[in-house]
Amino acid sequence: MKVLVKAPAKINLSLDVLHKRQDGYHEVEMIMTTIDLADRVELSLLPNDDIRISSQNRFVPDDQRNLAYQAAKLLKDRYQIKQGVRIEIEKNIPVAAGLAGGSSDAAAVLRGLNRLWGLGLTLDELAELGAEIGSDVSFCVYGGTALATGRGEKIKKLPPPPSCWVVLAKPLIGVSTADVYRRLNLENIQHPNTRGMIQAIENADFPGVCRNVGNVLEDVTLKLYPEVAQIKDQLQRFGADAVLMSGSGPTVFALVHHDSRMHRIYNGLRGFCDQVFAVRVLGEQHSLD
Ligand code: ATP
């Protein structure tokens with residue numbers, strides 16, 4: 001028995017950090033949406049009790065460090081499953097890029113094993129388990145578009161944003177999310193207008209979405225890696241409607257309404273940047289499996 005599960009990347013349309021909590025986590029407000037760039041996760045039952053993990057991408061760990069492995073282990077231990085599973089990840093989402101690739105793989109494993117092992121858990125229950133693996137896993141269990149608060153695990157569903165192109169550009173560096181949060185100076189940040197973004201999404205107001213994009217981690221990463229700032233400039237110069245870094249970076253994305261402009265930006269960035277993709281926003285929950 002096998003199941004194939006899609007694990008889409010997310011972008012942050014806005015990312016705000018409110019304060020640092022007693023438990024060491026940051027209290028955040030993030031608006032996230034899934035995009036049509038996805039890993040494919042194939043799950044097949046094993047005759048023994050193992051969890052095996054493989055991927056053709058050398059940056060993806062093939063042991064218990066992999067978030068997808070941790071998802072399988074969590075379900076296995078919690079529900080005392082005696083059956084093993086092979087997890088094969090076809091990696092299409094750039095690694096350590098601010099696109100939640102690992103979290104989305106973990107969420108895909110939770111959803112897929114729920115079916116394969118016949119656990120009958122609801123999405124809310126899977127999202128709660130996901131929070132034990134990582135802050136972005138809960139959002140990835142649902143996909144779609146949402147406001148994430150707390151340390152990122154409290155999810156409030158939003159309607160999909162107005163349909164548009166997303167051009168993603170990732171330079172040849174990986175960014176450590178923990179490092180970026182450590183360097184963030186909370187005294188000196190410009191908070192994005194999260195309410196404004198929610199309103200723009202609810203009103204299907206594309207210019208409003210573009211006006212309200214914002215990410216408090218951007219300045220930290222731009223200072224560390226000037227090439228990210230250069231990519232932002234390029235995207236702006238080629239005429240993107242909005243440009244923002246996703247998560248802790250280094251991926252920068254452009255929102256673009258017109259097809260012709262998307263082609264110009266995509267072609268302009270290729271050759272200048274390690275990985276470039278032009279995809280649509282998914283934004284809807286049902287687009288997952
Ligand atoms: P986020 O946006 O949630 O901060 P990210 O996109 O920046 O995540 P990931 O692609 O999830 O980062 O990878 C971060 C690190 O996690 C990698 O360097 C890798 O060692 C580890 N990792 C664990 N599991 C996976 C996985 N399934 N896919 C990719 N990386 C993984």
Side-chain angles (χ1 to χ4, degrees), residues 5-15 17 25-26 28 30-35 37-43 51-74 85-113 130-141 143 146 148 150-153 155 168-184 215-218 220-221 224-225 228 244-253 274-275 277:
V5 199
K6 202 169 152 184
K10 61 85 187 160
I11 52 171
N12 294 88
L13 292 175
S14 74
L15 192 164
V17 178
Y25 286 106
H26 288 87
V28 297
M30 306 189 283
I31 298 178
M32 311 210 258
T33 191
T34 41
I35 56 172
L37 169 67
D39 293 345
R40 289 156 64 86
V41 179
E42 192 177 278
L43 304 168
I51 299 172
R52 300 243 188 86
I53 189 144
S54 61
S55 161
Q56 81 289 17
N57 184 314
R58 68 194 166 93
F59 297 112
V60 175
D62 60 0
D63 54 23
Q64 73 287 347
R65 288 169 301 166
N66 197 306
L67 299 183
Y69 180 103
Q70 292 170 26
K73 179 91 172 79
L74 181 65
V85 64
R86 174 192 301 282
I87 305 168
E88 282 182 72
I89 301 174
E90 183 192 307
K91 198 81 200 157
N92 300 313
I93 305 172
V95 178
L99 299 171
S103 302
S104 195
D105 293 346
V109 167
L110 292 175
R111 291 197 311 272
L113 283 181
E132 295 182 33
I133 303 163
S135 301
D136 283 347
V137 180
S138 304
F139 167 75
C140 294
V141 164
R151 59 181 174 86
E153 86 289 10
I155 305 299
L168 301 147
K170 183 196 165 280
L172 194 61
I173 45 171
V175 168
S176 152
T177 304
D179 187 36
V180 171
Y181 270 98
R182 236 186 337 265
R183 290 169 188 265
L184 179 68
N215 178 350
V216 297
L217 303 179
E218 201 176 61
V220 182
T221 306
L224 282 173
Y225 303 104
V228 181
L244 191 74
M245 187 183 81
S246 187
S248 52
T251 305
V252 176
F253 68 85
D274 178 44
Q275 285 175 294
F277 306 88

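Both counts, for ligands and for their atoms, begin at 1 and track the order of listing.
Rounded to the nearest 0.5 angstrom, K91 NZ and R40 CZ are separated by 14.0 Å. Of the inter-residue distances, the one linking S55 atom OG with I89 atom CD1 reads 6.0 Å to the nearest 0.5 angstrom.
In this structure, the protein non-hydrogen atom closest to atom 24 (N) of ligand 1 is L67 N, 3.0 Å. For atom 9 (P) of ligand 1, the closest non-hydrogen atom on the protein side is A96 N, 3.5 Å. The nearest heavy-atom contact from the protein to atom 29 (C) of ligand 1 is K91 NZ, 3.5 Å. When only non-hydrogen protein atoms are considered, atom 4 (O) of ligand 1 lies nearest to T177 OG1, 3.1 Å.
The N/O atoms of D136, backbone and side chain alike, include one that comes under 3.5 Å of an N/O atom in ligand 1. Of the polar atoms of G98, at least one N or O is found under 3.5 Å from an N or O of ligand 1, judged by distance alone. Geometrically, ligand 1 and G249 share no nitrogen or oxygen pair separated by less than 3.5 Å. Taking distance alone, with nitrogen or oxygen atoms compared against 3.5 Å, V60 stays at or beyond that limit from ligand 1. No N or O atom of A68 sits closer than 3.5 Å to an N or O atom of ligand 1. Taking distance alone, with nitrogen or oxygen atoms compared against 3.5 Å, V175 stays at or beyond that limit from ligand 1.
Looking only at distances, no side-chain donor or acceptor of N215 sits under 3.5 Å from a matching main-chain atom of S14. In this structure, N12 contributes its side chain and M32 its backbone to no donor-acceptor pair below 3.5 Å. The backbone N or O of G249 sits nowhere less than 3.5 Å from a side-chain atom of S246 that would complete a donor-acceptor pair.
Taking 4.5 Å as the limit, some side-chain heavy atom of T221 sits within range of a side-chain heavy atom of M245. Here the side chains of D105 and V60 are not in contact, with every heavy-atom distance at 4.5 Å or above.
Residue contacts with ligand 1 do not include G174, since none of its heavy atoms lies under 4.0 Å from the ligand. Using a 4.0 angstrom heavy-atom cutoff, A100 counts as in contact with ligand 1.
Here the shortest heavy-atom pairing between P171 and P250 reads CD-O, 3.6 Å. Of all the heavy atoms in G174 and Y225, the pair that sits closest is O-OH, 3.9 Å.
Per-residue contacts place D105 under 4.0 angstrom from the following atoms of ligand 1 (heavy atoms of the residue considered): 26 (C), 27 (N), 28 (N). Close contacts between ligand 1 and K10 involve ligand atoms 2 (O) [criterion: under 4.0 Å to a heavy atom]. For ligand 1 and S103, the ligand atoms under 4.0 Å from any heavy atom of the residue are 3 (O).
R151 CZ: more than 12 foreign heavy atoms inside a 6.0 Å radius.
Distance check on atom 15 (C) of ligand 1: every protein heavy atom falls at or beyond the 4.0 Å cut-off.
Of the candidates N66, V95, N12, V180, the one placing a heavy atom closest to atom 17 (C) of ligand 1 is V95. Between G102, P61, G152, P94, it is P61 that holds the heavy atom closest to atom 21 (C) of ligand 1.
Ionic pairing of R52 and D62 is not present here: no N-O contact between side-chain nitrogen and carboxylate oxygen is shorter than 4.0 angstrom.
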